[in-house]
Amino acid sequence: MASVVQNFFFDCADAYELGRFWSEVVGKPMADDDVPGDPEAIIMLDNGVTLFFGQVPEPKTTKNRIHLCLEPDIPRDEEVERLLKLGATLLHDRRKPDGTGWAVLGDPEGNEFCVLRSAAEKAATS
């Protein structure tokens, strides 16, 4: 027997705003009934997994123990720039001069996530 991942739950201060950011990141809409001020927001991914944002009273205080790693469909560095313009922050730059590596970003509420190389970039160096 095995379990299936149903959703990734993000504790947050503003579910709608954080959901709006991640909606832009993954290119998928929020649920039709999500509106500003809602304590919950949902984004359904193509594979059936849900990104679920739930308002909690306490702020984020330490490093995430789990995080998302994103493989963009455009070059990694272009995706990093796009996400920074959306409101992410660069926390750790693990990119190497030979084009390998990744970037660790924080979403608007400080949740860490990584941006990896695109599949095309990986194929070009293997």
Note to self: Nearest 0.5 angstrom please: R82 CZ to E78 CD, how far?
What the structure shows: 11.0 Å

Checklist line | Distance, nearest 0.5 Å, that separates CG of N111 from SG of C12 | finding: 8.0 Å

Check: Can you check whether P72's main-chain N or O pairs, donor with acceptor, with R117's side chain at less than 3.5 Å?
Finding: no

Check: Which distance, rounded to the nearest 0.5 Å, do you find between the CE of M30 and the CG of D38?
Finding: 7.5 Å

Next item on the list: With rounding to the nearest 0.5 Å, note down the distance linking CG in L91 to CZ in R94.
Entry: 10.0 Å

Next item on the list: Kindly work out whether a path of hydrophobic side-chain contacts (I/L/V/M/F/W/Y, heavy atoms less than 4.5 Å apart) joins V5 to I43.
Entry: yes

Note to self: Hydrophobic clusters here meaning ILVMFWY residues chained together by side-chain heavy-atom distances under 4.5 Å, can you tell me if L90 and L116 are in one?
What the structure shows: no

Margin query: Counting only heavy atoms not in E58 (residues, nucleotides, ligands), do more than 12 fall under 6.0 Å from its CD?
Written below: yes

Next item on the list: Please check if the distance between the ring centroids of W102 and F113 is under 6.0 Å.
Entry: no

Check: Are D46 and K28 ion-paired here, with the side-chain N under 4.0 Å from a carboxylate O?
Finding: yes

Check: Got F53 and W22 here, is their nearest side-chain heavy-atom distance under 4.5 Å?
Finding: yes

Check: Do D14 and F21 pass the side-chain contact (heavy atoms from CB on, under 4.5 Å) test, and can you show the C-alpha distance, the side-chain angles, and the key distance before you say yes or no?
Finding: CA-CA 11 Å; D14 189 330; F21 169 82; over 6 Å; no

Check: Roughly how far apart are F9 CZ and I66 CD1, rounded to 0.5 Å?
Finding: 14.0 Å

Checklist line | Exam field: side chain E79 to backbone L70, donor-acceptor pair closer than 3.5 Å | finding: no

Item checked: Distance-minimising heavy-atom pair for A15 and A41 -> O-CB, 3.5 Å

Note to self: Is there a side-chain contact between L51 and I42 in this structure, where contact means two heavy atoms from C-beta onward sitting under 4.5 Å apart?
What the structure shows: no

Check: When you measure from the side chain of E121 to the backbone N and O of R76, does any donor-acceptor pair fall under 3.5 Å?
Finding: yes

Item checked: Which atom of P29 lies closest to which atom of S23, heavy atoms considered -> CA-OG, 3.7 Å

Check: Got more than 12 heavy atoms from elsewhere within 6.0 Å of CG, D32?
Finding: no

Item checked: Distance in Å, L68 CG paired with L105 CG, rounded so as to fall on 0.5 Å steps -> 12.0 Å

Notebook entry, point to check: Do V26 and L86 belong to the same hydrophobic cluster, where Ile, Leu, Val, Met, Phe, Trp and Tyr are linked whenever their side-chain heavy atoms lie under 4.5 Å apart, directly or via other members?
Noted result: yes

Notebook entry, point to check: Is it true that E112 and K60 make a salt bridge, defined as a side-chain N closer than 4.0 Å to a carboxylate O?
Noted result: yes

Margin query: Assigning hydrophobic clusters by single linkage (Ile, Leu, Val, Met, Phe, Trp, Tyr; side-chain heavy-atom cutoff under 4.5 Å), is V49 placed with V25?
Written below: yes

Item checked: Under 3.5 Å side-chain donor-acceptor pair for T100 and R95 -> no

Note to self: Could you walk me through whether F8 and T50 satisfy the side-chain contact (heavy atoms from CB on, under 4.5 Å) test, starting with their C-alpha distance in whole Å, then the side-chain angles of each, then the deciding distance to 0.1 Å, before giving a yes or no?
What the structure shows: CA-CA 6 Å; F8 291 97; T50 301; over 6 Å; no

Item checked: Side chains of L83 and D107 in contact at under 4.5 Å (non-hydrogen atoms) -> no

